[in-house]
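Read through the structure below, which is laid out as structure tokens, and then see the notes.
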Amino acid sequence: MSVEASVKYRPATEADIPGILRLVVPDPASPLTAAGFRARLASGEYRPEWTWLADSGSGDDGIEAAAIWWGDTGPNGLDAIVSRPDLSRDRRAEVAGELLTAAHLAYNRSRTLPAYHVHLPVDWQARPDVVAALSWRWQAAVASGLTDELERLRFEWTAGTPLAEPGGPLTFRREPDDQVFARLFSRALDGTLDATSRRMADVVGEYSQARSDVDFYRDRLPGDRGWWFTAHAPDGKTVGFGVPNRNNEVAVVGYLGVLPEFRGHGYIHDILAEVTRILAVEAGAGVIHADTDVANRPMAAAFERGGYRNTARRVVLSAPLILG
């Protein structure tokens, strides 16, 4: 059965904001709050035209569901899917699936569809309320073409946690040359356990992906480019690098890497310690966030050893990339 023909799928306008806010209610699979929605509208991360509605045409009460994308120059990721709480689970899945499909068709077909990022509790799989709240959203995302699945761990360091002391022989140098980092990013892709970077590199090539990563961390995050550093062994060889950064809300471990030929020596711990020191001491961060794939156990272990706690998980649903 398809959704009734009277439901229209369209971008929101400023006049729709009150109706959207009616749908932003406490939900175990959606951490978005009304205050958060308003704050991101004010910052420009959310825009009415990047929020799509399933509208039955009955005023504010006629908005059955909304899909909210965040971004800078365009919609970069699907941040939330919300619906009227009185709808059945099947109705929610159906309406949201057609809503996402309509929005995807409206986006530039030359662009990769923005992925859906769902922030969840650490124990979400053992919580029936979270599983139920996630299930209709997941079904809708898959129906609209977001069929690739990835789960990531969110780690957090907070002020008062002792800073890990570098215990190895590495020295660190601030490096202003973007080309140096593009080459290092490219080399670090060899054997990486970061599924997203590896996936993109298989499509566009390792250097193109590395160059894109450098541009992203430099231009689309508001951290200080002067924080970036390279890590060197006593003989002067470069063994890895770190990219301390921040987003619009909090300091983040943007990226860190150990080059393939130097892995297995524990250098990752010293590089992470330096990233944390820069953010905590030089940038004065009280909280630092870091994410890694569930499959990347060495990186997760480094975060735990470095005083970071696993505080959440993030499911990422994305469209398959086409090789060629």
request  = Answer yes or no: is there a donor N or O on one side and an acceptor on the other, between the side chain of Arg246 and the main chain of Ile288, under 3.5 Å?
outcome  = no
Hey, any chance [X] and [Y] share a hydrophobic cluster, counting ILVMFWY side chains that come within less than 4.5 Å of each other, even indirectly?
X	Y	result
Leu317	Val131	yes
Val243	Val252	no
Tyr255	Leu279	yes
Tyr9	Leu87	no

Heavy atoms, side chains only, cut-off 4.5 Å: are [X] and [Y] in contact?
X	Y	result
His117	Arg152	no
Leu221	Asn247	yes
Val95	Ser83	no
Leu256	Met299	yes

Return the [atom1] to [atom2] distance between [X] and [Y], rounded to the nearest 0.5 Å.
X	Y	atom1	atom2	value
Trp227	Ile278	CH2	CD1	9.0 Å
Leu105	Leu113	CG	CG	9.0 Å
Arg309	Phe155	CZ	CZ	11.0 Å
Leu99	Arg92	CG	CZ	14.0 Å
Arg211	Phe185	CZ	CZ	10.0 Å

message = Check this for me: does any side-chain nitrogen of one of Glu206 and Arg187 sit under 4.0 Å from a carboxylate oxygen of the other?
response = no
request  = Flag the pair Arg183 and Glu175 as a salt bridge only when some basic side-chain nitrogen lies within less than 4.0 angstrom of an acidic carboxylate oxygen.
outcome  = no
ask   = Looking only at heavy atoms, what is the nearest atom pair of Ile20 and Ala12, with distance?
value = CD1-CB, 3.9 Å
note = On a heavy-atom basis, the closest approach of Val294 and Arg313 is CG2-NH1, 3.9 Å
key: Whether Tyr107 and Trp52 hold their rings parallel, tilted or perpendicular, with breakpoints at 30° and 60°   = perpendicular
request  = Would you please classify the geometry between the Phe172 ring and the Phe229 ring as parallel, tilted or perpendicular, with 30° and 60° separating the classes?
outcome  = perpendicular
request  = Using side chain to side chain contact (heavy atoms under 4.5 Å, CB included) as the criterion, point out the one residue from Val287, Leu163, Val253 that pairs with Trp157.
outcome  = Leu163
inquiry  = Set out, in order, the CA-CA distance, both residues' side-chain angles and the distance that settles side-chain contact (heavy atoms from CB on, under 4.5 Å) for Trp124 and Val315, then state yes or no.
reply    = CA-CA 11 Å; Trp124 73 268; Val315 169; 4.2 Å; yes
remark   = For Tyr207, the other hydrophobic cluster members (4.5 Å side-chain criterion, sorted by chain and number) are none
ask   = Tyr46: what forms a ring-ring contact (aromatic ring centres under 6.0 Å, His included) with it, not counting sequence neighbours?
value = Phe37
message = If the condition is ring-ring contact (aromatic ring centres under 6.0 Å, His included), which residues does Trp228 pass it with, not counting sequence neighbours?
response = Phe181
message = For Arg277 and Glu282: C-alpha separation, side-chain torsions, deciding distance, then whether salt bridge (Lys or Arg N to Asp or Glu O under 4.0 Å) applies.
response = CA-CA 7 Å; Arg277 186 198 66 79; Glu282 296 186 26; 3.0 Å; yes
message = Can you confirm whether the side chains of Tyr308 and Thr276 place a donor and an acceptor under 3.5 Å from each other?
response = yes
request  = Using the side chain to side chain donor-acceptor pair (under 3.5 Å) rule, take Ser212 and Asp215 through it: C-alpha gap first, then chi angles, then the decisive distance, then the call.
outcome  = CA-CA 5 Å; Ser212 176; Asp215 293 346; over 6 Å; no
